[in-house]
*Asks:* 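Just dropping this structure here.
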Amino acid sequence: MAGVLKKEGLALNKKRVLFVILIGLFLMGGAILVRVVILKPASTIQLAGIPPDEYDPAVWGRHYPREYQSYLKNKEMAPSPTGFGGSEKVQKSVQEPEILTNFKGMPFNVDYSEDRGHPYALDDLKNSKRINETTAGSCMTCKTPNLIDVFKEKGWGYAKTPLKDLLPKLTQPIACANCHDPATMNLRVINPAFIEAVNRRGIDLTKATREEMRGYVCGQCHVEYYFVPADKKVIFPWANGLKPDEMYTYYAQKPNAFEKDWQHPDSQALMLKAQHPDYETWSTGVHAKSGVSCPDCHMPFTREDGVKYTSHWVTSPMKNIKQSCRPCHTQSEDWLLDRVKTTQNNVWQLQRIAGQTIAKAHGVIGQAAQVKDSDKKKLDQSRELIRKAQWFWDIVAAENSMGFHNPSQVENTLGQSIDLAHQAITAANDAAHSNF
Ligand code: HEC
Ligand code: HEC
Ligand code: HEC
Ligand code: HEC
C-alpha cells in the first residue's frame, strides 16, 4: 500500500513539476510577448482622440504622461559635457570674434546665439534682435505647430505676411503636433518646404518607412534653406544633392532670382548665409549610412517602471551617453565622450583657422579695391572665391554638432574653405599688384 501511495505521490509530484514548468514557460512566453509586442513603442499606442487643432502639449500629456514629462525637460538649461553645444543662450561671437567680421552688414552680426530647447523656440524668435517690423512671416515656419492653421488659411501667402501680424496667432512653440498626427499618433511632417523639397527629389512621403520618418521629422527644421526674394517662400537648396558643394552649385544658378543673402560691406562680395544643416550633414555620414537616425541618439528609448518609451528630452546625447550611445557601442562612456571631444576639438581648430582667414580676406579685397587701376575682373574673381570659402566655413560653423555628425566630410569642407580663402587673398593682391 505504502508503495502504491508513494508511487501515486511521485506521479502527482511529476504532474506538479510539469504544471509548474508549463506555467513557467507560459509566463516567460508572455513576458517575451509583452516585451516584443506590447512594450515596443509606436506599435501599440493608445489613441486618445486628441482633436486635430489641439496644440497644447499639456493636453496631449494627460494621455502620454511619460513622453510629456520628458518633453518638459527641454526647458532645462545646462552646458554640454563636451564644452560645445549645450542649451544655454550664449552669443557665438564671444568664443569666435571673426563672426563679427564675416557677417558684417547683416543681422547675424548683431545677434547669433547658441540654440536651446524646443519650448523656447517662439520666445527666442520674438526676442531675437535679428527681427524687426519688416521681418517676413516665413521666419515662424520652424518654431510652432500653429503653422498648420496659418498655412491652411493663407497657403504660401503667410511667408510674405509680416511676422508681426502673425505673432498673435502663434500660441505654442514646437510641440507634439509638429511631429505627430493626433488621430494615429504616427510621425508626420507639417512643414510644406520639406514636403516640396523631398517631392522634387522624387520622394513620396506617404510611402516613407517608420525609420525614414524618424529622420524626416527632424529634417523638416534642422536644415539649410533660403527665402525666394519676391514672395519669401521657404526653399531647401537640395535639387543637386545635400553636400556642401552640391548646394553651392545650386545657389550658383541664382535659383528663383536668389543671388545673395547680403552684400559684404568690406569686400563687396555677394554672400550666402548658411543655416543649421544638421540633417544634410548627418545624411552622408557613417551613422546615417548605418541606419542610425536623429532620435536614436537624441531621443533614446528609456525604461521606467518596466515600461519602455521614447525620451522626449531632445538635447545633447552626451548628457546621457548610456542611453544614447551604449545600446550600440560597447566602449565605456569615458571613451565615447573622449572620441566625440577629439573630433570636435579638431573641427573647432580648423573652423577657427578658416573663419579667421576669411575675415582677413574680406579686408584684403576691400583694400585692393581701393587701389587705383586695380583689375576689376580679378577683383570679381576674388569675390567669388571668398563667397565660396565662407559658404564652406559657414555650412560647418552653422551646423550644431561641431563636426560629430559627419567628421570626415566636415574636415574636408573646412580644408577647402581655408584653401579658397587663401586663393581669394592672392587674387585680390594680384588685382591690385599689392601685398596686403
Ligand atoms: C520633434 C519631434 C517630436 C515631438 C515634438 C514629439 N514627439 Fe513623440 N515621438 C517622436 C519620435 C521620433 C518618436 C519615436 C517614434 C517611432 O520610433 O516610431 C515618438 C514617439 C512617441 C510616442 C510613442 C511611444 C513612445 O514613447 O515611443 C508617443 C505616445 C509620443 N511620442 C507622444 C508625444 C507627445 C505627448 C508629445 C508632446 C508632449 C510628443 N510626442 C512630441 C517625435 C516627437
Ligand atoms: C518645428 C521645427 C523643429 C523640429 C521638427 C525639430 N527641431 Fe530641433 N530645434 C528647432 C529650433 C528652432 C531649435 C532652437 C530653439 C531655440 O534655441 O530657441 C531647436 C533645437 C534643438 C536642439 C538643441 C537643444 C538644446 O538643448 O540645446 C536639439 C538637440 C534638437 N533641436 C534636435 C532635434 C531633433 C533630434 C529633432 C527630431 C526628433 C528635432 N530637433 C525636431 C526646430 C525644430
Ligand atoms: C550617432 C548619434 C547622433 C545622431 C544620429 C545625430 N546626432 Fe545630433 N548630435 C550628436 C552629438 C554627439 C552631438 C554633440 C553634442 C555636444 O557637443 O554636446 C550632437 C549635436 C546636435 C545638436 C546640437 C545640440 C546642442 O547641445 O546644442 C543638434 C541640434 C543636433 N545634434 C541635431 C541632430 C539632428 C537633427 C540629427 C538628424 C538629422 C542628428 N542630430 C543626428 C549625436 C547624434
Ligand atoms: C543605433 C546604433 C548606434 C547608436 C545609438 C550610436 N552609434 Fe555610433 N556607430 C554606429 C555604427 C553602426 C557605426 C559605424 C561603424 C561601426 O559599425 O562600428 C558607428 C560609428 C561611430 C563612430 C566612429 C565613426 C565616426 O563617425 O567617428 C563613433 C566615434 C561613434 N559611432 C560614436 C557614437 C556616439 C558618441 C554615440 C552616441 C551619441 C553613438 N555613436 C550612437 C551605431 C550607433
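Residue numbers start at 1 and run along the sequence shown. Small disclaimer: the values here were computed from a predicted structure and weren't measured. We count ligands from 1, going down the list as the structure has it; atoms in each ligand are counted the same way.
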*Asks:* Could you label the plane-to-plane angle of the Tyr112 and Phe108 rings as parallel, tilted or perpendicular, counting under 30° as parallel and over 60° as perpendicular?
*Replies:*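 Aromatic pair Tyr112/Phe108 classed perpendicular.
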*Asks:* I'd like to know whether His312 forms a side chain to side chain contact (heavy atoms under 4.5 Å, CB included) with Met299, so could you lay out the CA-CA distance, the side-chain angles of the two residues, the decisive distance to 0.1 Å, and finally the verdict.
*Replies:* CA-CA 6 Å; His312 280 61; Met299 301 181 71; 3.6 Å; yes
*Asks:* How are the rings of His118 and His222 set relative to one another: parallel (under 30°), tilted (30 to 60°) or perpendicular (over 60°)?
*Replies:*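 Tilted.
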*Asks:* Do you know which two heavy atoms are closest between Asn102 and His264, and how far apart they sit?
*Replies:*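 Residues Asn102 and His264, closest heavy atoms: O-CD2, 3.5 Å.
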*Asks:* Say whether Gly61 and ligand 1 are in contact under the criterion: heavy-atom distance to a ligand atom below 4.0 Å.
*Replies:*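 Contact absent.
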*Asks:* Below 6.0 angstrom between ring centroids: does that apply to Tyr251 and Phe258?
*Replies:*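 That pair passes the under 6.0 Å test.
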*Asks:* Before giving the answer on side chain to side chain contact (heavy atoms under 4.5 Å, CB included), spell out for Ser417 and Ile358 the whole-Å C-alpha distance, their side-chain angles and the decisive distance to 0.1 Å.
*Replies:* CA-CA 8 Å; Ser417 172; Ile358 291 161; 3.6 Å; yes
*Asks:* Cation-pi check for Phe227 against Lys232: NZ or CZ below 6.0 Å from the six-membered ring centre and within 45 degrees of the axis, yes or no?
*Replies:*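 No, Lys232 and Phe227 do not form such a contact.
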*Asks:* Under 3.5 Å between some N or O of ligand 1 and some N or O of His118?
*Replies:*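 No; the residue has no nitrogen or oxygen that sits under 3.5 Å from a nitrogen or oxygen of the ligand.
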*Asks:* Taking only residues two or more places apart in sequence, or in another chain, which ones meet Pro173 in a side chain to side chain contact (heavy atoms under 4.5 Å, CB included)?
*Replies:*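 Residues passing side chain to side chain contact (heavy atoms under 4.5 Å, CB included) with Pro173: Leu122.
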*Asks:* Output every pair passing ring-ring contact (aromatic ring centres under 6.0 Å, His included) with a member in residues 147-204, not counting sequence neighbours, ordered by first then second residue.
*Replies:*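 Output for this query lists Phe151-Trp156, Trp156-Tyr158, Phe194-Tyr216.
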*Asks:* Within ligand 1, which atoms have a heavy atom of Ala175 less than 4.0 Å away?
*Replies:*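 Atoms satisfying the 4.0 Å criterion: 5 (C).
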*Asks:* Should you measure from each heavy atom of Ala121, which atoms of ligand 2 turn up under 4.0 Å away?
*Replies:*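 Checking each atom against Ala121, I get 18 (O).
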*Asks:* Does any N/O atom on Thr141 come nearer than 3.5 Å to any N/O atom on ligand 2?
*Replies:*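 Checking ligand 2 against Thr141, no N or O pair falls under 3.5 Å apart.
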*Asks:* Taking distance alone, with no angle check, do Asn178 and ligand 1 share an N/O pair under 3.5 Å?
*Replies:*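 Not met; the criterion fails.
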*Asks:* State plainly whether the residues Glu98 and Arg352 are in salt-bridge range, i.e. N to O under 4.0 Å.
*Replies:*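 Looking at Arg352 together with Glu98, the answer is yes, because their closest N to O distance falls below 4.0 Å.
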*Asks:* Looking at residues at least two apart in the chain, or sitting in another chain, which of them share a side chain to side chain contact (heavy atoms under 4.5 Å, CB included) with Ala252?
*Replies:*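 Once residues adjacent in sequence are excluded, Ala252 has no partner under the side chain to side chain contact (heavy atoms under 4.5 Å, CB included) criterion.
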*Asks:* Closer than 4.0 Å to some heavy atom of Asp124 - which atoms of ligand 2 meet that?
*Replies:*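 What qualifies from ligand 2 is 16 (C), 17 (O), 18 (O).
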*Asks:* With a 6.0 Å cut-off on the ring centroids, do Trp238 and Tyr279 count as close?
*Replies:*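 Ring-ring flag for Trp238/Tyr279: true, centres closer than 6.0 Å.
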*Asks:* If the cut-off is 4.0 Å to any non-hydrogen atom of Tyr120, which atoms of ligand 2 fall inside it?
*Replies:*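 Selected atoms, number and element: 18 (O).
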*Asks:* At a 4.0 Å threshold, what atoms of ligand 1 neighbour a non-hydrogen atom of Arg210?
*Replies:*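 Numbered from 1, ligand 1 contributes 16 (C), 17 (O), 18 (O).
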*Asks:* Do you know which N/O/S atom name in His180 is closest to atom 8 (Fe) of ligand 1?
*Replies:*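 Looking only at N, O and S atoms of His180, the one nearest atom 8 (Fe) of ligand 1 is named NE2.
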*Asks:* State whether the side chain of Thr135 and the backbone N or O of Asn132 hold a donor-acceptor pair below 3.5 Å, judged by distance alone.
*Replies:*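 Such a contact is found between Thr135 side chain and Asn132 backbone.
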*Asks:* Which of the atoms of ligand 1 are close to Ile45, meaning less than 4.0 Å from one of its heavy atoms?
*Replies:*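 Ligand 1 atoms under the 4.0 Å threshold to Ile45: 23 (C), 29 (C).
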*Asks:* Taking both backbone and side-chain atoms of Glu67, is any N or O found less than 3.5 Å from an N or O belonging to ligand 1?
*Replies:*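 Checking ligand 1 against Glu67, an N or O pair does fall under 3.5 Å apart.
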*Asks:* Kindly print each ligand 3 N/O atom paired with any protein N/O atom under 3.5 angstrom away, one pair per line, or none if nothing qualifies.
*Replies:*
from	atom 1	to	atom 2	distance (Å)
ligand 3	7 (N)	His298	NE2	2.9
ligand 3	7 (N)	His405	NE2	2.8
ligand 3	9 (N)	His298	NE2	2.9
ligand 3	9 (N)	His405	NE2	2.8
ligand 3	17 (O)	Thr82	OG1	2.7
ligand 3	17 (O)	Gln344	NE2	2.9
ligand 3	18 (O)	Ser80	OG	2.4
ligand 3	18 (O)	Thr82	OG1	3.3
ligand 3	18 (O)	Ser316	OG	2.6
ligand 3	26 (O)	Gly86	N	2.9
ligand 3	27 (O)	Gly86	O	3.3
ligand 3	27 (O)	Glu114	OE2	3.2
ligand 3	27 (O)	Asp115	OD1	2.9
ligand 3	31 (N)	His298	NE2	2.8
ligand 3	31 (N)	His405	NE2	2.9
ligand 3	40 (N)	His298	NE2	2.8
ligand 3	40 (N)	His405	NE2	2.8

*Asks:* If you count the atoms of ligand 1 from 1 in the order shown, which ones are under 4.0 Å from a heavy atom of Met185?
*Replies:*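 Reading through ligand 1 atom by atom, the close ones are 28 (C), 29 (C), 30 (C), 32 (C).
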*Asks:* Given that the side chain starts at C-beta and the backbone is N, CA, C, O, which of these parts of Met213 lies under 4.0 Å from ligand 1, counting heavy atoms, or is it both or neither?
*Replies:*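 Under 4.0 Å from ligand 1, Met213 contributes no heavy atoms.
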*Asks:* Do any nitrogen or oxygen atoms of Tyr309 lie less than 3.5 angstrom from nitrogen or oxygen atoms of ligand 1?
*Replies:*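 For ligand 1, there is no N or O atom that lies under 3.5 Å from one belonging to Tyr309.
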*Asks:* What atoms in ligand 1 come closer than 4.0 Å to a heavy atom of Tyr64?
*Replies:*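 Close to Tyr64: 29 (C), 35 (C).
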*Asks:* For a 4.5 angstrom cut-off between non-hydrogen side-chain atoms, does Ile365 reach Asp266?
*Replies:*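 Ile365 vs Asp266: side chains apart.
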*Asks:* Confirm or rule out an N/O/S atom of Cys179, from backbone or side chain, lying less than 2.8 Å from atom 8 (Fe) of ligand 1.
*Replies:*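 Here the distance criterion (N, O or S atom, under 2.8 Å) is not met by Cys179, so no.
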